[in-house]
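Taking it in order: structure first as structure tokens, then the write-up.
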Amino acid sequence: MRIYRGRSVCSGIAIGKIYVCQRREQVVTRYQVQDTQAEVRRLHQAKERAQLQLSKLYQDALRQVGEADAAIFAMYQVILEDKEYIEAIEERIRSRSVNAEYAVAAISDNYVVQFSAMPDEYMRTRAADVKDVSERLLDALEGRVGQGIEMSEPMIILAQDLSPSETVQFDRSKVMSFVTLGGSATSHAAILARSMGIPALVGLSLRDGQEEAHALMESLHGKRAIVNGYTGELTVEPDEETVERMRQYQRKEQAKRKRLKSLKGKESVTLDGRRVPVCTNVGNRGGLELTLENDAEGIGLFRSEYLYLEKDAYPTEEEQFAVYKMVLEAMGERRVIIRTLDVGADKQADYLELVKEENPAMGLRGIRVSLTGQDVFRVQLRALLRAACHGRLAVMYPMITSLKEVRQVRKLVEEVKEELAREGVPFGEIEQGIMVETPAAAMISDLLAKEVDFFSIGTNDLSQYGMAIDRQNPSLEDFYDAHHTGILRMIAQTIQSAHKAGIWCGICGTKSLPCGRSG
């Protein structure tokens, strides 16, 4: 019995055989070409095939892990379209009369070296992204199509690290746990493990030397093991006593889940008697199924952008209306909060034609996109108002920073109502609220509370903007503090402003009820 230690990023116990996932090394041969222009055309044809593959991976990721974590594939598409990157490959083909595969590999190596040498940790991690994109381009050039790993039974995945492409292509029903030698709490394997509710370890320590670790990984393939997501341990070839002890833990877990299921249909009430409705965040149709299955008391955030990101053209009013109506009817009398289109330069489809920005988190995103493209926004508002006849609908506007924005939106809503009334189209009344996810909104929450029916605090972005920390950057984990006093004060101020104005306030899907009014 051997025990290896790593860092747990998702708790639980998994008992099964190890499947070692070793990344195939690309072997590229250099040869001379006579017709360099034909070789450049072959490069662009391969680029188009790679883009189609990335688009499919994006759609798969949307269904599996939601739009926020699928954004990596949108970024990959941006890299593949990068003018400087493609022109450098073209120049290498023309100037040295070499095959496209060799040119791609050479330019990729140059970029990886440049990024890896940068002092900023976040920029160093971009080297892996460029390498992943280049390998996909090489696959397209050589006619290879990425396939998911086939396993005959559920197994524990052990890898040096896992790229987004690899994690999305796994058959989730056959994955018991993820264990990686590299990675972090924000790695793609960790994200997928959390979405699947399976144990996962990162930073597993096998040996000091990379070659020794590589050889040891190979020797572990097919061996029985236990992943303990509570202690961060991988136990290989455990004795029967250890296996039985871990199975007892599993049985306790199952009993706990059974007890939780017994709470279905009951109100969420704290020990001191305060009712705090627990709602869900829904990023796709699968999220609605889980909401109903787990008997949530409402939908605290329905991300409408997935309707846009899953298509290659703007969704029509009828398409949106059908989805919103279906969700509202499924939820019955329970409140459904639908967030209007929340996209930005880091989260887009080609037809949106959003300009690539140096700092997309601070750029054209959220309500700014809707107010800039009001024709598209009006279509969504029409669909929402029409759907409001079929349930309890609340509409929420993202990335609000000023009173001016709220008033612009409310004016548009009234105009759309008048338009529907003139056309004789039935529509319902809606609650209108905002996301409080910027320090600016938190600081003027007392003023904003007078203009809306509710708040929903977006703690992820509020923390990111409040601490000036990119929460996707693993090198900043030691600096990121989810309970930072400044963030807690902004949250408290926002809730107090809401209660003083007699409106309710939600946090990550959980509502804090105002004094003197039911939620």
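Positions are given from 1 along the sequence.
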- Message: Check this for me, if you would: do Arg382 and Glu419 make a salt bridge, where the nitrogen-to-carboxylate-oxygen distance has to be below 4.0 angstrom?
- Response: yes
- Message: Could you check whether any side-chain heavy atom of Ile3 comes within less than 4.5 Å of a side-chain heavy atom of Arg5, counting everything from C-beta outward?
- Response: yes
- Query: Rounded to the nearest 0.5 Å, what separation is found between the CG atom of Leu393 and the CD1 atom of Ile299?
  - Reply: 10.5 Å
- Message: Looking at Asp161, is its backbone amide N or carbonyl O close enough to the side chain of Thr180 to form a donor-acceptor pair, meaning the two atoms are under 3.5 Å apart?
- Response: no
- Message: I'd like to know if the side chain of Gln493 reaches the main chain of Ala442, judged simply by a donor and an acceptor atom lying under 3.5 Å from each other, with no hydrogens or angles considered.
- Response: yes
- Task: Check the pair Asp461, Gln464 against side chain to side chain contact (heavy atoms under 4.5 Å, CB included), reporting the backbone distance first and the verdict last.
- Result: CA-CA 5 Å; Asp461 272 331; Gln464 176 172 247; 3.1 Å; yes
- Item | Partners passing side chain to side chain contact (heavy atoms under 4.5 Å, CB included) against Thr372 (at least two apart in sequence or in another chain) | Leu364
- Kindly say whether Thr459 contributes a backbone atom to a donor-acceptor pair with the side chain of Ser463 at under 3.5 angstrom? yes
- Going by heavy atoms in the side chains, are Asp295 and Arg334 under 4.5 Å from each other? yes
- Under the side chain to side chain contact (heavy atoms under 4.5 Å, CB included) rule, what do Leu462 and Met490 come out as? Steps first, then yes or no, please. CA-CA 9 Å; Leu462 186 62; Met490 284 193 283; 4.1 Å; yes
- Message: Before you tell me yes or no, could you show the steps for Leu341 and Phe377 under side chain to side chain contact (heavy atoms under 4.5 Å, CB included), namely the whole-Å CA-CA distance, both residues' side-chain angles and the distance that decides it to 0.1 Å?
- Response: CA-CA 8 Å; Leu341 179 61; Phe377 191 31; over 6 Å; no
- Give the minimum heavy-atom separation between Arg410 and Val452, together with the two atoms involved. NH1-CA, 3.6 Å
- Query: Which value, rounded to the nearest 0.5 Å, describes the distance between Met396 atom CE and Arg303 atom CZ?
  - Reply: 9.0 Å
- Lys258/Glu253 ion pair, N-O < 4.0 Å: no
- Query: Taking atom types as modelled, is there a side-chain donor on Tyr324 or Glu329 under 3.5 Å from an acceptor on the other?
  - Reply: no
- Item | Residues in side-chain hydrogen bond (donor to acceptor under 3.5 Å, both in side chains) contact with Thr401, at least two apart in sequence or another chain | Glu405
- Message: Can you pull out every ring pair (Phe, Tyr, Trp, His ring centres under 6.0 Å) where at least one residue sits in residues 433-458? Sequence neighbours excluded, please.
- Response: Phe454-Trp504
- Query: Will you find, in the side chains of Ser304 and Gln380, an N or O donor that is under 3.5 Å from an N or O acceptor?
  - Reply: yes
- Message: For the backbone of Ile457 and the side chain of Glu437, can you confirm whether one donor and one acceptor N or O come within less than 3.5 Å of each other?
- Response: no
- Does the side chain of Glu297 come under 3.5 Å of the side chain of Ser268 through a donor N or O and an acceptor N or O? yes
- Query: Judged by atom type as modelled, is there a donor-acceptor pair below 3.5 Å linking the side chain of Glu319 to the main-chain atoms of Thr316?
  - Reply: yes
- Euclidean distance, Asn228 CG relative to Ser8 OG, rounded to 0.5 Å: 8.0 Å
- Message: Holding to side chain to side chain contact (heavy atoms under 4.5 Å, CB included), I want the full list of residues that pass it with Glu429, two or more places apart in sequence or in another chain.
- Response: Lys417, Phe427
- Item | Residue pairs involving residues 487-496 (criterion salt bridge (Lys or Arg N to Asp or Glu O under 4.0 Å); sequence neighbours excluded) | none
- Task: Taking the side chain as every heavy atom from C-beta outward, state whether Asp132 and Tyr76 have any pair of such atoms under 4.5 Å apart.
- Result: yes
- Message: With heavy-atom distances below 4.5 Å as the criterion, would you say the side chains of Ile79 and Arg136 are in contact?
- Response: no
- One should read off an interatomic distance between Cys505 SG and Gln496 CD, to the nearest 0.5 angstrom, of 10.5 Å
- Task: Calculate, to the nearest 0.5 Å, the distance between atoms CD and CG belonging to Gln374 and Leu381 respectively.
- Result: 9.5 Å
- Task: Please determine, by modelled atom types, if Glu451 and Gln432 share a side-chain donor-acceptor pair under 3.5 angstrom.
- Result: no
- Item | Pair listing, salt bridge (Lys or Arg N to Asp or Glu O under 4.0 Å) test, anchored in residues 367-380, at least two apart | Arg378-Glu415
- Do side-chain atoms of Arg339 reach the backbone of Pro398 as a donor and acceptor pair under 3.5 angstrom? no
- Message: Assess the residue pair Val276 and Val269 against the criterion (side chain to side chain contact (heavy atoms under 4.5 Å, CB included)); give the C-alpha distance rounded to whole Å, side-chain angles, the decisive distance to 0.1 Å, and a yes or no.
- Response: CA-CA 6 Å; Val276 183; Val269 181; over 6 Å; no
- May I ask you to test the Ile495-His499 pair for a side-chain heavy-atom distance under 4.5 Å? yes
